[in-house]
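From a predicted model like this one, the values you see are computed outputs, not experimental measurements.
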Amino acid sequence: MKIVRYFFLAFLVFSCENPSSSPKNIVTSDIDHFWEAYDKIIATEDSTLQYQWLDSLYFQKGTKGLHAIREARNYTPKDYIDAINNYPKFWNSVRKNTLKANTFAYELEQGIENLRQLYPDLKPAKIYFTIGALRTNGTTLDSLVLLGSELAMTDKNTVVSEFPEPLRSGRRAFFDRNPIDNLVLLNVHEYVHTQQKPALENLLSFSIREGVAEFVSCKAMGVPSSTPAVSFGKNNDAVRQKFERELFYGNNLYQWLWSDSPNEFGVRDLGYYIGYELSERYYTQASDKNQAIKNLIELDYTNEKEVEEFVNGTGFFSNTLENLYQDYENRRPIVKAIQPFQNNSEKVNPKTNQITVVFSEPMNEEFRNFDYGPLGEEAVVRFKELIGYSEDGTMLTFEIEPLEPNKQYQLLIGWGFRNLENVPLKPYLIDFKTDK
């Protein structure tokens, strides 16, 4: 069964004898370089000079960690310049906190030691305090822990008034939790990620990976999760029910993870709760707790059987992954027919200039997805104009470019189409040949 593919240091060598010394595996120099560049950038309105200061004083002096976080979050120079120019009150309010990075060295050392005690096979990783362009408070790349300090070190006094809605509300809620107070826990969470195998590109895989990191880091630190999604999910079973319904959609990752995208619960990152609950139940049921931690961290997301056994064994979902998948397939809309000819016809009139797709039920008009068929670009039906849906939403008509005689054509009606409940369409290949 191919279910899972559908879901899209040696302990850190710190100087314990001299805790006041700067640990070699914690790097903070990017923060000083950023503020040096920032002061030059805000002192001029010349955009050319702004980009030059950003490059010469920040990027060129940047650590391996800065280059890594830019790669991981696709940060461009424009992202930085826009963020600096658009949110001066925000930057002024967070500056003092970011300059405290060095003071966290001993606490971070102890946090990683706690993790090593829980997971003796811990591999070395390096922690970089960087400043990004407001898209992550922490992430990883290979064996690097990357802190977006401009978000990770905020607190309730951080100014959000310059951000547009709904981003402003999301940031206010996040900053009011005083993220800087949980900086060590965040680092341990990200450190766990450096020990894990890569997730597959699907919602379940990413949710488990994030939940494992959150659960293990909380066990290591002996504290509850600071992520509101975890406590909210534990008190609202509707979160699990909704996740089960949307588990295989393939187009809703940012409704559940890493985003301020609005949802019916008003709480972001609820995928963390799903993964956390699965991890906690697995750990609670295990007779060998040490082995359970090892299994959680070393879970192979490419091994479908291993992932299914892990998930099903917790008893968290209302049914097995196989049955949940079959339920999803049964709920998917389909293409019933096309007009004005039958699909797979080999004598289509080359003068045909419109195609109508007939769906099994009304569709959400905001979502569409067309693609090439197996024959590729050379055979694709090309659009001239989208005419639109029928009044009842069950038929979509579009005008096409002139067809050539005696030629095979294809067009894939993709899963990006959704019904009114946002369930993705079963892909449908339009395939025909024109008459001579």
Side-chain angles (χ1 to χ4, degrees), residues 4 7 111 114-115 118-119 136-140 152 173-174 177 179 182-200 202-244 246-247 252-259 263 265-286 289-301 306-318 321 324:
V4 175
F7 302 151
N114 291 349
L115 180 58
L118 196 63
Y119 179 61
T136 184
N137 62 332
T139 188
T140 59
F174 176 66
R177 304 201 310 267
N182 296 298
L183 189 65
V184 176
L185 181 61
L186 171 65
N187 271 277
V188 177
H189 172 111
E190 297 300 336
Y191 208 107
V192 174
H193 281 322
T194 68
Q195 313 298 305
Q196 293 175 292
K197 294 179 172 64
L200 296 182
N202 60 67
L203 177 59
L204 180 64
S205 188
F206 283 128
S207 295
I208 294 173
R209 194 170 189 269
E210 289 291 357
V212 166
E214 186 68 8
F215 175 75
V216 171
S217 61
C218 290
K219 290 296 292 184
M221 298 302 296
V223 297
S225 172
S226 62
T227 302
V230 173
S231 58
F232 182 87
K234 285 181 173 295
N235 291 294
N236 293 273
D237 192 53
V239 175
R240 175 194 58 79
Q241 295 172 19
K242 182 177 175 64
F243 189 88
E244 288 183 9
E246 298 186 356
L247 178 54
N252 62 343
L253 180 63
Y254 293 108
Q255 296 294 321
W256 289 93
L257 295 166
W258 314 316
S259 171
N263 60 49
F265 302 110
V267 178
R268 59 169 287 162
D269 294 334
L270 287 165
Y272 279 64
Y273 158 66
I274 299 297
Y276 186 99
E277 187 71 23
L278 289 168
S279 302
E280 185 175 53
R281 290 181 178 227
Y282 177 83
Y283 179 84
T284 300
Q285 295 169 14
K289 305 301 185 187
N290 293 332
Q291 186 63 43
I293 292 293
K294 181 178 176 66
N295 292 345
L296 286 170
I297 293 176
E298 298 178 5
L299 184 64
D300 183 357
Y301 299 94
E306 183 177 339
V307 173
E308 286 186 55
E309 288 179 349
F310 164 69
V311 173
N312 293 341
T314 66
F316 175 50
F317 292 143
S318 63
L321 290 179
L324 290 175

Subject >> Test of ring centre spacing under 6.0 Å for Trp258 and Phe206 >> reply: yes
Subject >> Pair listing, salt bridge (Lys or Arg N to Asp or Glu O under 4.0 Å) test, anchored in residues 289-299, at least two apart >> reply: Asp121-Lys294, Lys294-Glu298
**OP:** Can you measure from CG (Leu204) to CD (Glu246) and round to the nearest 0.5 angstrom?
**Re:** 13.5 Å
**OP:** Take Gln241 and Phe317 through the side-chain contact (heavy atoms from CB on, under 4.5 Å) test and state the conclusion after the steps.
**Re:** CA-CA 8 Å; Gln241 295 172 19; Phe317 292 143; over 6 Å; no
Original post:
Yes or no on side-chain contact (heavy atoms from CB on, under 4.5 Å) for Trp256 and Asn252, after CA distance, side-chain angles and deciding distance?
Top reply: CA-CA 7 Å; Trp256 289 93; Asn252 62 343; 3.6 Å; yes
Subject >> Point-to-point distance, once rounded to the nearest 0.5 Å, from CG of Leu203 to CG of Leu253 >> reply: 6.0 Å
Original post:
Which pair of heavy atoms, one from Gly313 and one from Gln285, lies closest together, and at what distance?
Top reply: O-OE1, 3.1 Å
Subject >> Spacing of CZ belonging to Arg240 relative to CD1 belonging to Ile274, to within rounding of 0.5 Å >> reply: 8.5 Å
Subject >> Donor-acceptor under 3.5 Å (Glu210 side chain, Tyr272 main chain) >> reply: no
**OP:** Could you list the residues that satisfy ring pair (Phe, Tyr, Trp, His ring centres under 6.0 Å) with Tyr283, not counting sequence neighbours?
**Re:** Phe215
Original post:
Considering all heavy atoms of both residues, which atom of Gly315 and which atom of Arg281 are nearest to each other, and what is their separation?
Top reply: O-NH1, 3.8 Å
Original post:
Do the non-hydrogen side-chain atoms of Val184 and Asn187 ever get within less than 4.5 Å of each other?
Top reply: no
Original post:
Counting distance only, does the side-chain N/O of Arg209 pair as donor-acceptor with the main-chain N or O of Pro198 below 3.5 Å?
Top reply: no
**OP:** For Ser207 and Leu257, run side-chain contact (heavy atoms from CB on, under 4.5 Å): C-alpha distance rounded to whole Å, both residues' side-chain angles, the deciding distance at 0.1 Å, then the answer.
**Re:** CA-CA 8 Å; Ser207 295; Leu257 295 166; 3.9 Å; yes
Original post:
Is there a donor-acceptor pair under 3.5 Å between the side chain of Thr136 and the backbone N or O of Gly138?
Top reply: yes
Original post:
Side chains of Tyr276 and Ser225: closer than 4.5 Å at any heavy-atom pair?
Top reply: yes
Original post:
Does any non-hydrogen side-chain atom of Leu186 lie less than 4.5 Å from one of Pro179?
Top reply: no
**OP:** Spell out, as yes or no, whether a donor-acceptor pair under 3.5 Å connects the side chain of Glu244 to the backbone of Ser318.
**Re:** yes
Original post:
Is there a side-chain contact between Ile208 and Val307, using heavy atoms and a 4.5 Å cut-off?
Top reply: yes
Subject >> Partner residues of Tyr119 under the ring pair (Phe, Tyr, Trp, His ring centres under 6.0 Å) criterion, sequence neighbours left out >> reply: none
Original post:
Quick one: does Met221's side chain get under 4.5 Å of Asn114's, heavy atoms only?
Top reply: yes
Original post:
Hey, what do you get for CG (Leu115) to NE2 (His189), rounding to the nearest 0.5 Å?
Top reply: 12.0 Å
Original post:
Quick one: ring pair (Phe, Tyr, Trp, His ring centres under 6.0 Å) partners of Phe265, sequence neighbours excluded?
Top reply: Phe232
**OP:** Look only at the side chain of Asn312 and the backbone of Leu321, and say whether a donor-acceptor pair between them is shorter than 3.5 Å.
**Re:** yes
**OP:** Look at the rings of Phe316 and Tyr273 and say which category their plane angle falls in: under 30° parallel, 30 to 60° tilted, over 60° perpendicular.
**Re:** perpendicular
Subject >> Partners passing side-chain hydrogen bond (donor to acceptor under 3.5 Å, both in side chains) against Ser259 (at least two apart in sequence or in another chain) >> reply: Ser261
**OP:** First locate atom CG of Asn236, then atom NZ of Lys242, and finally report the distance between them rounded to the nearest 0.5 Å.
**Re:** 13.5 Å
Original post:
If you look only at pairs with a residue in residues 213-234, which of them pass as a salt bridge (Lys or Arg N to Asp or Glu O under 4.0 Å), with sequence neighbours excluded?
Top reply: Lys234-Glu277, Lys234-Glu280
Original post:
Any side-chain heavy atom of Arg177 within less than 4.5 Å of one from Ser226?
Top reply: no
Subject >> Distance-minimising heavy-atom pair for Val188 and Ser217 >> reply: CG1-CB, 3.7 Å
Subject >> Evaluation steps, side-chain contact (heavy atoms from CB on, under 4.5 Å), between Val216 and Ser279 >> reply: CA-CA 8 Å; Val216 171; Ser279 302; over 6 Å; no
Original post:
Would a 4.5 Å heavy-atom cut-off, applied to side chains only, mark Asn295 and Phe310 as touching?
Top reply: no
Original post:
Under 3.5 Å, side chain of Asn263 to main-chain N/O of Gly266, donor-acceptor pair present?
Top reply: yes
